[in-house]
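Take a look at the structure set out below.
We name chains A, B, ... by the order of the sequence lines, and we start the count at 1 in each one.
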Amino acid sequence: MQLDYLGDLRRTHPCGALRVSDAGKTVTLMGWVNRRRDHGNLIFIDLRDRTGITQIVFDTDQKDVLEKASQLRHEYVIAVTGVVKVREGEMVNRKVPTGEIELAVSELRLLNEAKTPPFSPADTTLPNEEVRLKYRYLDLRRPEMQHNIELRHKVALAIRNHLSERGFFEIETPFLTRSTPEGARDFLVPSRVHHGSFYALPQSPQLFKQILMISGCEKYFQIVRCFRDEDLRADRQLEFTQIDLEMTYPQQEQVFEVVEGFVGAAWKAAGITLPPKFARMTYDQAMEQYGSDKPDLRLPGLVDVKSSFPADALTTLQLDPAMPFVAVRIPKVGELSRKERDDNKALFTKKPGPKLIDDLKRLEKSWPEAVTKIRELTKAAADDFIVLVGGAAGEAKSAAQTRVARMAVYAAAGNLRMELARKYAAKHGAFNGDLKDAASYKFLWVTDFPMFEWDEEAQRWNAAHHPFTSPHEQDMEKVLEDRDLDAVRALAYDIVLNGMELGSGSVRIHRQDVQRQIFRALGMTEEEAKQRFGFFLEALEYGTPPHGGIALGLDRIIMLLAGGESLREVIPFPKTAKAVDMMVDAPTPVEQPQEDQLELMAAFPGLGNHEWELATTADNLLKAGDAILGNATLPRQSKQELVLALLYAKAYDDSRATIRLAKSGYGLQASVLAVQVYEAALNSMIVGADNELAAVLLMTVNNDVKSLARALKYMDLNEEQRKMLEEAMAVQVIGSWPTLEERVARLPDVLRPKYEAFLPLYETYSQWQLSVLAGRVGGLTSKEWTVQLGRSNEAVAFALRVVVDYFSDVVRVVAGLFGKDPAPLEAWEKAATKVLQQV
RNA sequence: GGGGACGUAGUUCAGUUGGUUAGAACGCUGCCCUGUCACGGCAGAGGCCGCGGGUUCGAGUCCCGUCGUCCCCGCCA
């Protein structure tokens with residue numbers, strides 16, 4: 001079809017703007033064909049842009065234009081000029097804002113055509129997420145997505161303006177930086193200039209914003225991208241946006257005021273007026289009243305019912321009188337069947353300690369007054385559902401455990417409360433509040449978090465927030481004297497909305513004596529602290545003002561305001577649960593011209609050119625092997641086929657692990673694992689009954705190990721090397737096969753004679769070969785034998801050579817037996833030989 | 001790493017106890033239609049039933065594996 005040029009045509013109005021008051025005007029609209037209704041001599045088209053839809057009309061008044069309009073299809077881009085006409089009577093469409101007018105077109109320019117899209121932005125039912133993400137540009141054309149994008153812009157702008165008006169400066173901090181003290185995995189970026197060193201992408205600008213306070217910036221904020229290399233969820237993406245702020249000389253309350261201010265401005269931008277102040281609650285109160293540090297206030301809290309019972313009742317119920325005993329009430333659930341009650345039991349924690357009493361009717365038989373009292377205390381209506389949670393008798397032993405045990409009971413009750421609330425959401429309706437109604441948003445500040453958490457596994461204290469959080473001034477003595485650490489409260493706070501944590505912050509430590517003491521309490525030595533935060537500790541020493549701040553998740557805020565179930569609804573280009581961008585198809589293996597390889601190699605210290613080439617070759621070999629066979633595609637009809645398929649799978653897994661270890665420079669560990677590859681190679685020869693090839697293989701294996709032995713140097717072992725040795729041994733144990741006898745015993749009868757014929761040969765060579773590396777590594781403890789453990793190019797090269805040499809043998813033998821064509825391997829093998837000969 | 005749900009036409013879905021030629025709606029193509037607005041009518045095209053094995057006389061349907069998407073646990077403020 002003939003396309004038109006835009007020429008000097010200008011758009012006079014967006015598609016969502018025209019009203020009756022514009023009647024008679026000659027206007028020009030541009031946009032997409034959203035929908036067409038072709039009546040032959042009368043054509044309606046809904047023209048769409050981000051502002052909305054206008055109906056445009058073509059009729060026989062202009063035959064040539066009508067003719068042209070009949071060619072239009074979904075998502076064609078057009079420009080139209082015409083006169084705005086008022087629609088009358090039946091012709092009005094009350095469903096759209098522009099429904100009282102239409103445009104009688106006199107000129108149509110076709111700016112672009114479109115392939116038939118996999119789905120149309122005008123569709124009423126959505127395709128699945130995969131399709132939406134792949135064709136994200138089509139998905140984003142949908143009015144809902146346009147709305148979310150606009151909402152996000154407006155909210156961010158309102159926050160910026162609000163904070164700017166209150167003296168906050170938006171200041172940028174680096175993306176290429178070093179690891180900050182949050183607990184998540186960092187994204188790492190190898191440095192080209194500094195071989196073997198990495199930048200980390202920030203999990204948050206925590207230390208930078210504190211440094212800005214030390215730098216005299218007084219009030220900082222930033223709407224900033226943060227990165228965390230963790231598994232994704234509906235409400236978690238690899239990269240997400242925080243509203244980050246920090247200020248000097250703050251009372252905790254001042255931070256709250258600032259946040260209440262900009263959150264109010266944000267909600268205002270979404271057309272909702274929030275009350276000026278949010279509720280406040282201490283951590284202990286939150287736990288006792290809701291069994292959660294992020295209480296959802298839309299439903300009734302827990303109610304202490306201990307006083308309802310006579311003293312002996314607790315004993316009869318096998319409850320610990322020192323533990324909490326609370327009622328969980330879910331409104332309007334109504335009668336439950338026996339089966340449903342049993343199902344609900346499964347929602348209760350499996351941990352020992354907390355105990356569930358879910359049958360109030362039975363309870364009523366023994367203590368009728370108690371149950372009446374409970375109904376009173378909980379203000380329960382007749383159709384409300386109530387269960388009780390207490391602490392099982394005899395669980396908490398020491399006084400120190402009591403607080404933990406009490407919290408566990410509350411937490412169990414709190415969890416059950418939310419599980420039941422979600423399950424019966426349709427009945428109580430508390431979660432279906434009107435998005436536009438301020439009452440649907442229950443904000444809450446949770447304050448006075450504990451400063452430390454006891455880590456049972458590591459047997460030490462952890463910082464509950466992060467190690468720069470200031471303790472309460474009243475609790476400072478305990479910190480400085482290193483006592484009662486579990487009772488120390490932090491000046492840390494969370495902002496919670498409808499049971500979701502929106503943000504988290506604290507007043508920070510500004511005195512180096514306190515900071516030093518905190519590190520000590522956390523079991524960090526001076527050196528460790530210096531190594532991780534040296535620059536920051538030094539900065540603290542140059543007159544640091546008291547400061548504090550907070551960070552809120554912008555994506556979550558937008559999601560809640562948009563009524564979305566997932567962050568993907570409010571992030572234009574999100575990633576899937578497996579961390580893939582479906583549109584651009586990231587991440588991808590990199591096509592590697594030599595220079596790029598060198599850059600990456602630089603990230604792996606100690607790996608030489610030749611070793612890198614070997615690693616790449618081995619990688620390609622694995623790919624080639626899998627293309628020919630494919631672990632999953634091997635038939636497994638006979639026992640022999642099963643054994644071969646398993647052998648191939650093992651060789652593949654070990655090869656892959658070997659290459660990974662080798663690339664990281666862990667030569668010896670890789671070598672130990674590589675032994676498993678030729679073990680598998682050997683076994684496949686034997687099962688395949690290719691005795692001659694197996695014998696040759698044994699000889700070359702022998703030579704390989706000998707040459708490795710020659711290459712390695714004798715030297716003393718230090719502490720680090722000893723640790724690596726243990727690691728290497730662990731790898732050996734994990735990767736080890738059953739003994740020879742066990743293996744023979746497992747073989748099908750047909751195969752056993754063949755295998756047994758091999759035993760002498762096998763025992764002479766392979767048994768010895770297998771034990772060579774492990775044995776020699778073991779010998780390291782006697783300080784006779786060593787390498788630069790984990791950093792030896794010789795060991796790396798050996799491991800990779802083993803993979804390259806023998807994995808292809810496995811592939812060839814297995815392919816032969818399964819009747820697959822090993823030809824694709826040949827081209828690769830030529831290339832591999834070349835690399836191998838370079839040694 | 002573990003658990004669950006799903007995978008059939010471009011899209012959303014149906015497909016009985018395993019049984020003839022795998023269906024519907026929307027979309028697409030062609031023709032007709034001057035007041036529709038999720039327009040309507042007639043005709044038509046469109047399927048590796050995700051992929052690989054197995055069981056069976058016979059598999060979209062049963063079994064095993066694998067890949068992908070979503071949700072949850074672990075992990076992560």
Sugar-phosphate only, base, or nothing, as touched by A:Ala464 at under 4.0 Å among non-hydrogen atoms: base
Candidate nucleotides B:U69, B:C76, B:C37, ranked by approach to the side chain of A:Arg37 - the nearest: B:C37
Any N/O donor-acceptor pair, A:Arg87 side-chain to B:C37 base, under 3.5 Å: yes
A:Ala234 side-chain proximity, nearest of B:C71, B:U36, B:C28: B:C71
Aromatic plane relationship, A:Phe468 with A:His466 - under 30° parallel, 30 to 60° tilted, over 60° perpendicular: tilted
Mate of B:A22 where both pairing distances stay under 3.5 Å, Watson-Crick or G-U: none
Residues A:Lys575, A:Glu239: salt bridge by 4.0 Å N-O rule: yes
Any N/O donor-acceptor pair, A:Glu88 side-chain to B:G35 base, under 3.5 Å: no
Polar contact flag, side-chain donor to acceptor under 3.5 angstrom, A:Thr98-A:Gln55: no
Nucleotide opposite B:G65 in a Watson-Crick or G-U pair, distances under 3.5 Å: B:C51
Candidate nucleotides B:U34, B:A77, B:C75, ranked by approach to the side chain of A:His465 - the nearest: B:A77
Complementary nucleotide of B:G40, counting Watson-Crick and G-U pairs under 3.5 Å: B:C32
Polar pair under 3.5 Å, donor/acceptor by atom type, side chain A:Asp123, base B:G27: no
Per A:Val131 side chain, nearest of listed nucleotides B:U11, B:A77, B:C76: B:U11
base_contact_polar (B:C37 base, A:Arg36 side chain, donor-acceptor, <3.5 Å): no
Side chain A:Arg233 and base B:G74 donor-acceptor under 3.5 Å: yes
Watson-Crick/G-U partner (both atom distances under 3.5 Å) of B:U17: none
Stacking check A:His39 vs B:U36 (5.5 Å / 30 deg): no
Base of B:U36 and ring of A:Phe44 stacked, centres under 5.5 Å, planes under 30°: yes
Intermediate values then yes/no, side chain to side chain donor-acceptor pair (under 3.5 Å), A:Asn41 and A:Thr60: CA-CA 6 Å; A:Asn41 284 321; A:Thr60 43; over 6 Å; no
Nucleotide nearest A:Arg35 (side chain, heavy atoms from C-beta), chosen from B:C39, B:U34, B:C75: B:C39
Touch class at under 4.0 angstrom, heavy-atom based, for A:Leu126 against every strand present: sugar-phosphate
A:Lys294, NZ atom: more than 12 neighbouring heavy atoms under 6.0 Å: no
Touch class at under 4.0 angstrom, heavy-atom based, for A:Arg94 against every strand present: nothing
Quiz item: A:Glu90 side-chain donor-acceptor pair to B:U36 base, under 3.5 Å: no
Base B:C76 paired with A:Arg228 side chain (donor-acceptor, <3.5 Å): no
Nucleotide of B:G10, B:U69, B:C75 approaching A:Asp231 most closely (side-chain heavy atoms): B:C75
Closest to side chain of A:Pro127, choosing from B:U36, B:U11, B:U34: B:U11
Sugar-phosphate, base or nothing in reach of A:Asn128, heavy atoms under 4.0 Å: sugar-phosphate
Touch class at under 4.0 angstrom, heavy-atom based, for A:Glu130 against every strand present: sugar-phosphate
Under 3.5 Å: donor-acceptor pair, side chain of A:Arg141, backbone of A:Asp49: no
Touch class at under 4.0 angstrom, heavy-atom based, for A:Val446 against every strand present: nothing
Mutual orientation of the aromatic rings belonging to A:Phe256 and A:Trp445 [parallel < 30°, tilted 30-60°, perpendicular > 60°]: parallel
Touch class at under 4.0 angstrom, heavy-atom based, for A:Thr116 against every strand present: sugar-phosphate
